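First the structure, in the form of C-alpha cells, and then the observations on it.
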Protein chains: 2
Amino acid sequence: METRIDRIKKQLHAASYKLTPQREATVRILLDHEEDHLSAEDVYLLVKDIAPEIGLATVYRTLELLTELKIVDKINFGDGVSRYDLRQEGAAHFHHHLVCLECGAVDEIQEDLLEDVENIVEKRWNFQIKDHRLTFHGICWRCNDSSSQNPSE
Amino acid sequence: METRIDRIKKQLHAASYKLTPQREATVRILLDHEEDHLSAEDVYLLVKDIAPEIGLATVYRTLELLTELKIVDKINFGDGVSRYDLRQEGAAHFHHHLVCLECGAVDEIQEDLLEDVENIVEKRWNFQIKDHRLTFHGICWRCNDSSSQNPSE
DNA sequence: TCTCTCTTTATAACGATTATAATTAAAGGG
DNA sequence: CCCTTTAATTATAATCGTTATAAAGAGAGA
C-alpha cells in the first residue's frame, strides 16, 4: 500500500525536488499533528526530536516549498505568526476555521459551505476565484453553555 | 452637522480616551484613504505630512486603540504586514476582500453574503460567531478578459 | 574520482512591531 | 493660578518572526 509520504514524495519529484531526510522528518511531524495548527517554530521544536541536527532555516524552507506545492496551506490567525496546515488529499479548496476568543482553540470545518457565495462573487464581481480564507471568531462549543454537546465535526 | 470625526471622538470619550492631535491626524488619514488598505508604515508616512512631529510608535498605538474600539479592523493578506481598514459606520460585520494574484489589487465586498453560512455554522458547530474574515484570492475583473465590464461594486 | 548541482547548516541581517525611559500635555483640586 | 497626578507622546532600543548569506556537505552522473 502506498503511504501518504510516498505520494508526497512523488509530488516533490514531479516538481523536481527531492525528499531529503530533513524534509521527510518535517512532513512526518505535520502528518502526526494534522489536527493542530503549528507555527514554524512549533514544527522546528517537534522535528528536532526525530532529527536533532536540523536547522530552523531548513524548516522554514521546507514549509515554504510545501506551501508552493499546495501540500500545506499557510494561514494567519492574527497573532504574530504564520501557521501551516496540511491540505486534505484531493481537496479542491482550503477548509475553514473556527477560532475561539475564549480558550484559543482552533477547530476546522471541512465542508465547503461557500459554493453559493463563490458563484455570486464570480458572477457579480467578475472575479475568478483561485483560493479562499474563511475564519470565524467567536465562542466555541466547549466555552458555550456547558450542557451543550460536542457538535458533528 | 456632526462629522464622522466627532462621532469617533465620542466613541473614544465613551471609553475614557482622548482625541489628541496625533490621534485626530491619524484618523483623518484613515478617512481620507478609506478605499485603501494601509499598513502602519503607510499611515505613518501619510500622517507625517499633516503632523510632522508624530512618532511611529504613536501611530502603532493609535491603530491598536482604534482596533480595540472596533473603529478599524486589522487584517492580514499574507504579505508580512498588518493592514488597517475603517469599519463602515453601523456595520454589523466586517466586509470581505478580493485579492488579485495578478496585480495585487484589493477590492472590497460590503454585502454580507454569509448569513446562510453563519446560520449553519452557529447551529451545526454550536459556535457563537462574533466576527469573521473572508478573503478570496484570484484574478480580478481588470486582469480578466479585457472586454469585461467593471462589475457592480 | 571529479564535477556539478542541490541542499543544509550556522549565523547574520532584516523588517515589523512592541517595550522602555524620559519628557510633555492636559485635567482636577486647592 | 499653581501644584499634583495621570495620560500620552517621543525617541530609541529591544524583540521576534522570517529571510538571506556563505561555507560545507551530499548525491548523481560522466
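Note that the coordinates shown come from a computational prediction; the quantities given were computed from them, not determined experimentally. Chain letters run A, B, ... following the sequence lines, proteins first and then strands; every chain starts at 1. Only heavy atoms go into these numbers, but all of them, side chains included; no hydrogens, no water, no symmetry mates.
Regarding B/Leu19, its CG atom lies at a distance of 18 Å from the P atom of D/dA7, rounded to whole Å. We find that CG of B/Asn76 is positioned 11 Å from P of D/dT18, with the value rounded to whole Å. The CG atom of B/Leu65 sits 14 Å away from the C1' atom of D/dT9 (whole-angstrom rounding). Straight-line distance from the CD atom of B/Glu53 to the C1' atom of D/dA8: 13 Å, rounded to whole Å. For A/Gln22 and D/dG25, the CD to P distance is 14 Å, given to the nearest whole Å. One atom, OH of A/Tyr17, and another, P of D/dA28, lie 18 Å apart when rounded to the nearest Å. Nucleotide D/dT9 holds its P atom 12 Å from the CG atom of B/Leu63, rounded to whole Å. A straight line from NE2 of B/His13 to P of D/dA7 spans 14 Å, rounded to a whole angstrom.
Nucleic acid contact class of B/Thr20 (heavy atoms, under 4.0 Å, all strands): sugar-phosphate only.
Within the structure, the side chain to side chain donor-acceptor pair (under 3.5 Å) test picks out the following pairs touching residues 69-78 of chain A (sequence neighbours left out): A/Asp73-A/Arg87. Within the structure, salt bridge (Lys or Arg N to Asp or Glu O under 4.0 Å) contacts touching residues 88-103 of chain A (residues at least two apart or in different chains) are A/Arg4-A/Glu89, A/Arg7-A/Glu89. Residue pairs that meet the ring-ring contact (aromatic ring centres under 6.0 Å, His included) test with at least one member in residues 44-64 of chain B, sequence neighbours left out, do not exist here. Counting only residues at least two apart or in different chains, salt bridge (Lys or Arg N to Asp or Glu O under 4.0 Å) contacts with residues 41-58 of chain A comprise A/Asp42-A/Arg83. The list of ring-ring contact (aromatic ring centres under 6.0 Å, His included) pairs with a residue in residues 19-43 of chain B, not counting sequence neighbours, reads B/His37-B/Phe77, B/His37-B/His97.
Heavy-atom contacts from other residues, nucleotides or ligands closer than 6.0 Å to OH of B/Tyr17 number 12 or fewer.
Annotation: side-chain contact (heavy atoms from CB on, under 4.5 Å) contacts of A/Thr58 (sequence neighbours excluded): A/Gln22, A/Ile54, A/Arg61, A/Thr62. Every residue meeting the side-chain contact (heavy atoms from CB on, under 4.5 Å) condition with A/Glu115, not counting sequence neighbours, appears here in chain and number order: A/Asp112.
The listed nucleotides are C/dT9, D/dT10, C/dT8; the one nearest the side chain of B/Ile54 is D/dT10.
The shortest distance between side-chain heavy atoms of A/His137 and A/Val99 falls below 4.5 Å.
Inter-axis angle, ends of the helix from C/dT1-D/dA30 to C/dG30-D/dC1, five pairs per end, rounded to 10 degrees: 10°.
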Could you list the protein-to-nucleotides 15-25 of chain C atom pairs, N/O on both sides, closer than 3.5 Å?
unit_1 : atom_1 : unit_2  : atom_2 : d
C/dT17 : OP1    : B/Ser82 : N      : 3.1
C/dT17 : OP1    : B/Ser82 : OG     : 3.4
C/dT17 : OP2    : B/Tyr60 : OH     : 2.5
C/dT17 : O5'    : B/Tyr60 : OH     : 3.3

